[in-house]
Amino acid sequence: MPDVTSALSAFLRTRWLAARIRTPDSVRAWQARRVVKWLVTDLPRVRAFAQLGPARLADVPPTEKADLMADFAAYNRPGITAAEVHAAIDAGEDRVRGYPIGQSTGTSGNRGYYVISDAERFVWLGTILAKALPDILWRRHRVALALPGFSTLYRSAERGRRIKLRFFDLGLGVEAWAEDLVAFAPDTIVAPPKVLRWLAENGRLTARNIFSGAEVLDPLDRAVIEDASGARVREIYMATEGLFGVACPYGTLHLAEDAVRFEWQPSGDTGLVTPLITDFTRRVQIMARYRMNDLLALSDAPCPCGSPLQAVKRIEGRQDDVFELCDANGRSRMITPDVLRNAVVDADRAINDFRIVQTAQDRIVVSLDPSLSEDSVGRVIMGLGSTFDRIGVVRPDIAVSRVLEVDFGRKLRRIRREWPHR
């Protein structure tokens with residue numbers, strides 16, 4: 001029963017740490033001890049870091065997705081190549097040389113891959129259960145998962161005797177399985193916010209534990225889901241690279257600092273940060289000072305739950321979705337997704353969905369619900385124009401589309417940039 005043992009050990013360790021480590025300083029001290037051991041025992045076992053021999057984590061050069069994908073085999077112990085993973089996935093397989101593998105959804109235009117061990121798969125399971133469903137040892141749960149890519153990570157939970165798990169295929173569209181979901185009667189659901197919103201608006205969301213994952217949880221969607229369901233939406237921050245955070249019962253997203261070391265890089269003068277992550281629990285594919293593409297606003301406010309783990313005020317989106325517009329002198333200025341979002345939703349209370357796409361350096365397209373009045377559309381254009389004036393950039397051409405669709409087979413990015421910068 002090594003798989004069950006791995007999951008149970010991770011569950012108990014996560015709960016023990018939550019009970020024993022009560023201050024940010026104690027979190028850092030515990031992290032430091034684990035990272036020092038990991039640097040000695042695990043980092044040198046992959047080719048990319050074999051000759052490095054760092055004494056400190058700071059001595060490890062940062063890496064990013066381009067580095068990983070350029071020589072995928074150098075970052076995992078069995079030396080599995082990206083071509084092997086790609087071929088296996090194309091053949092409908094989820095293992096290479098006995099190792100579970102998977103891929104990202106490719107929202108940035110190119111997919112990322114991962115390779116793990118079976119033990120790590122169940123460590124992940126035990127950790128996320130400890131954070132999301134800590135009563136799992138004495139209470140049975142019925143869990144519905146509607147997430148992109150039924151990876152082996154999620155399927156590892158099917159063996160648990162305390163969980164009745166069912167998958168719902170996003171590729172089929174929500175309407176295809178909505179009634180089956182109701183019949184399953186889950187007490188817990190994990191799905192992208194657009195799916196949760198559709199279910200809530202159509203009276204199909206009855207679970208008492210609602211978790212949003214795989215996409216940024218926009219305040220617009222949170223409000224609709226919570227108003228319709230009467231339940232709090234809790235965010236799960238995860239990616240191909242790992243599990244990075246789970247919201248507590250108070251709704252605060254806390255980073256998984258008990259498994260991952262986070263370093264922060266400022267994103268220009270926006271007040272937002274981008275994480276460098278080091279997962280010191282992974283031993284097959286090494287993620288050391290790996291630069292993520294996410295933009296986060298951190299919080300210094302204490303959470304009522306008492307957790308010492310870093311709280312996140314909000315996840316704003318992706319670094320490559322930051323708009324770049326020129327000022328009067330031709331200098332490029334960054335405009336983050338939160339600024340654009342606020343300009344639209346503050347323009348008119350009737351707006352509960354939208355898209356903004358930068359298609360050229362001097363052109364954006366705003367998509368709005370066709371039921372909105374022309375006055376509302378005018379207020380949106382005025383609000384965006386005022387925002388551009390305040391920031392000090394030349395107003396771009398603003399085109400308006402009255403087509404607003406939700407593609408359940410792809411990640412929703414309300415604000416995105418679709419032109420090459422510099």
Side-chain angles (χ1 to χ4, degrees), residues 1-11 13-14 34 37-52 60 63-106 110-129 145 147-160 165 167 213-214 238-244 256 259-261 277-290 292:
M1 301 283 285
D3 293 343
V4 174
T5 300
S6 295
L8 182 59
S9 296
F11 180 96
R13 182 179 64 249
T14 302
R34 293 295 300 270
K37 180 179 178 181
W38 182 82
L39 287 172
V40 173
T41 61
D42 296 294
L43 188 80
R45 297 192 180 189
V46 299
R47 178 162 48 85
F49 303 111
Q51 304 304 317
L52 194 58
V60 179
T63 58
E64 53 191 32
K65 188 175 184 178
D67 302 314
L68 178 64
M69 297 310 296
D71 190 1
F72 187 74
Y75 293 89
N76 66 82
R77 287 175 62 176
I80 293 172
T81 67
E84 287 180 278
V85 177
H86 182 77
I89 291 172
D90 280 353
E93 300 170 359
D94 59 11
R95 287 177 181 263
V96 171
R97 303 188 218 164
Y99 287 89
I101 50 96
Q103 66 180 354
S104 68
T105 55
N110 57 327
R111 293 186 183 275
Y113 299 135
Y114 68 80
V115 55
I116 58 175
S117 67
D118 282 313
E120 288 173 331
R121 187 160 57 111
F122 281 85
V123 167
W124 175 90
L125 174 62
T127 301
I128 196 170
L129 288 176
L145 283 178
L147 292 169
F150 291 166
S151 82
T152 52
L153 288 177
Y154 310 134
R155 291 201 177 278
S156 61
E158 288 181 307
R159 302 186 196 177
L165 186 68
F167 295 95
M238 57 186 176
T240 311
E241 294 80 10
L243 172 68
F244 299 134
V260 178
R261 167 69 175 161
I277 62 103
T278 298
D279 189 331
F280 50 83
T281 67
R282 292 181 67 167
R283 293 177 169 82
V284 173
Q285 180 181 331
I286 297 300
M287 309 296 291
R289 306 196 76 207
Y290 183 90
M292 299 291 292

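Position 1 is the first residue of the sequence; numbering continues from there.
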To the nearest 0.5 angstrom, please state how far the CD atom of Gln285 sits from the CD atom of Glu120.
-> 9.0 Å
So does Arg121 pair up with Asp118, basic N to acidic O under 4.0 Å?
-> yes
What closest approach, in Å, do Ala74 and Val46 show between heavy atoms, and which atom pair accounts for it?
-> O-CB, 3.4 Å
Flag side-chain contact, heavy atom, 4.5 Å: Glu84 against Tyr99 = no
Over all heavy atoms of both residues, which pair between Gly79 and Ala73 is shortest? Give the atoms and the distance, please.
-> O-CB, 3.4 Å
Atom of Ala214, atom of Met238 and distance for their closest heavy-atom approach = N-CE, 4.4 Å
Roughly how far apart are Thr127 OG1 and Phe122 CZ, rounded to 0.5 Å?
-> 13.0 Å
For residues Gly102 and Val85, report the shortest heavy-atom separation together with the two atoms involved.
-> O-CG1, 4.2 Å
If you measure from CG on Asn76 to CE on Met287, what distance do you get to the nearest 0.5 Å?
-> 11.0 Å
Separation between CZ of Phe72 and CD1 of Ile101, rounded to the nearest 0.5 Å = 8.5 Å
Nearest-0.5 Å distance that lies between atom CE in Met292 and atom CD in Glu64 | 12.0 Å
Polar side-chain atom of Gln103 near backbone of His86 as donor-acceptor pair, under 3.5 Å = no
Taking all non-hydrogen atoms of both residues, which atom of Tyr113 and which atom of Leu68 are closest, and how far apart?
-> O-CD2, 4.4 Å
Between CG on residue Asp42 and CZ on residue Arg282, distance to nearest 0.5 Å | 12.0 Å
Taking the side chain as C-beta and beyond, is there a heavy-atom pair between Leu165 and Leu145 under 4.5 Å?
-> yes
Taking the side chain as C-beta and beyond, is there a heavy-atom pair between Val60 and Leu39 under 4.5 Å?
-> yes
Between Arg45 (side chain) and Ile286 (backbone), is there a donor-acceptor pair under 3.5 Å?
-> no
Starting from the C-alpha separation in whole Å, work towards a yes-or-no answer on side-chain contact (heavy atoms from CB on, under 4.5 Å) for Tyr290 and Asp279.
-> CA-CA 9 Å; Tyr290 183 90; Asp279 189 331; over 6 Å; no
If only atom types and distance count, is the side chain of Thr278 paired as donor or acceptor with the main-chain N or O of Arg289 below 3.5 Å?
-> yes
Between Arg97 and Pro78, which heavy-atom pair has the shortest distance, and what is it?
-> NH1-O, 2.5 Å
Checking Arg283 side chain against Thr281 main chain: does a donor-acceptor pair fall under 3.5 Å?
-> yes
